[in-house]
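Numbering of residues begins at 1 and proceeds along the displayed sequence.
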Amino acid sequence: MNESAGQRTRQALAIAGGASFVLGVATLLWPGRDESTLSLLFGVSLLVSAGVQAYLGFRSRIALVLRLLVLVSAALTAVLAVLSFGGGSIELLAWWIGLGWAVRGAVQALVGVWDEQISDGWLHEISGWVTLAIGIALIAITFKTVTGLATAAGGALVVIGVLDLLTGGLLRAALRAGEPAASGAVVGDVRPVAER
């Protein structure tokens with residue numbers, strides 16, 4: 001993957017991660033949560049995820065088959081976002097959210113495994129598998145109350161947000177910040193360009 005494409009991918013994941021983290025915290029701390037509030041928050045979460053996936057599907061320099069998978073995942077996630085905005089029972093909302101995360105996680109893990117050009121593919125793979133597991137867990141658990149769903153899914157959004165931030169370059173930036181300066185580097189080299 002060339003540097004500009006890699007940079008676009010990292011920026012998109014960082015945006016998705018930040019949005020997921022903020023929405024997860026809002027879900028956990030929102031006073032007087034009800035079904036309509038959760039429908040709105042999780043609909044926005046799925047819509048942001050769909051938008052980022054669509055962007056990556058069109059702009060990333062990954063294999064064509066993987067790009068098509070990402071675009072299909074984006075389309076399905078957008079449909080699930082619309083269903084979430086429509087409301088419904090707690091169980092249906094949990095199922096839509098879980099399905100959206102499971103599909104996205106599976107595709108992200110596949111991209112991490114199969115595309116050798118992607119930078120930090122192992123991080124994409126881990127993030128994808130964790131997101132897939134969270135989605136499956138949300139589908140499998142039967143939620144009876146708004147508080148139960150808000151706590152589980154809000155916490156899951158925070159985790160997914162952190163994973164996206166790490167995959168989007170937060171880990172790389174932290175590792176670079178901890179590296180000592182390159183040996184032999186000359187600071188303030190004022191020789192003419194022709195002499196360098």
Tell me whether [Y] is reachable from [X] by hopping between hydrophobic residues (I, L, V, M, F, W, Y) whose side-chain heavy atoms are closer than 4.5 Å.
X	Y	answer
Leu41	Val25	yes
Leu132	Ile97	no
Leu29	Val158	yes
Leu76	Ile139	yes
Leu47	Leu40	yes

Thr131 and Ser127: side chain to side chain contact (heavy atoms under 4.5 Å, CB included), yes or no, with the steps? CA-CA 6 Å; Thr131 304; Ser127 179; 4.2 Å; yes
[X] side, atom [atom1]; [Y] side, atom [atom2] - distance, nearest 0.5 Å:
X	Y	atom1	atom2	result
Glu125	Leu123	CD	CG	10.0 Å
Ile15	Leu165	CD1	CG	10.5 Å
Ser49	Phe42	OG	CZ	13.0 Å
Leu13	Gln108	CG	CD	6.5 Å
Asp34	Ser39	CG	OG	8.5 Å
Gln11	Leu56	CD	CG	11.0 Å

Residue of the set Ile160, Val162, Leu163 for which side-chain contact (heavy atoms from CB on, under 4.5 Å) holds with Val130: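 Answer to the side-chain contact (heavy atoms from CB on, under 4.5 Å) test with Val130 among Ile160, Val162, Leu163: Leu163.
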Determine the minimum heavy-atom distance between Ala50 and Ala78, stating which atoms define it.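 Here Ala50 and Ala78 meet closest at CB-N, 3.6 Å.
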Minimum heavy-atom separation for Val52 to Ala16, with atom names?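 Looks like CG2-CB, 3.7 Å.
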Contact between [X] and [Y] at the side-chain level, heavy atoms closer than 4.5 Å - yes or no?
X	Y	value
Leu46	Trp101	yes
Phe143	Leu138	yes
Leu157	Phe21	no
Ser20	Val48	no
Leu110	His124	no

Atom pairs and distances, donor-acceptor, side-chain atoms in residues 62-75, under 3.5 Å, two or more places apart:
unit_1, atom_1, unit_2, atom_2, d
Arg67, NE, Gly57, O, 3.0
Arg67, NE, Ser60, O, 3.4
Arg67, NH2, Gly57, O, 3.4
Arg67, NH2, Phe58, O, 2.6
Ser73, OG, Gln53, OE1, 2.4

Is there a donor-acceptor contact under 3.5 Å from the side chain of Arg33 to the main chain of Leu28?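 Yes; judged by distance alone, with no hydrogens or angles, the pair exists.
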Do Asp164 and Thr167 have a side chain donor and acceptor closer than 3.5 Å?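 Looking only at side-chain atoms, Thr167 and Asp164 do not form any donor-acceptor pair under 3.5 Å.
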Could you list the donor-acceptor pairs under 3.5 angstrom formed by side chains in residues 80-94, with sequence neighbours left out?
unit_1, atom_1, unit_2, atom_2, d
Ser84, OG, Leu80, O, 3.0
Ser89, OG, Leu92, N, 3.2

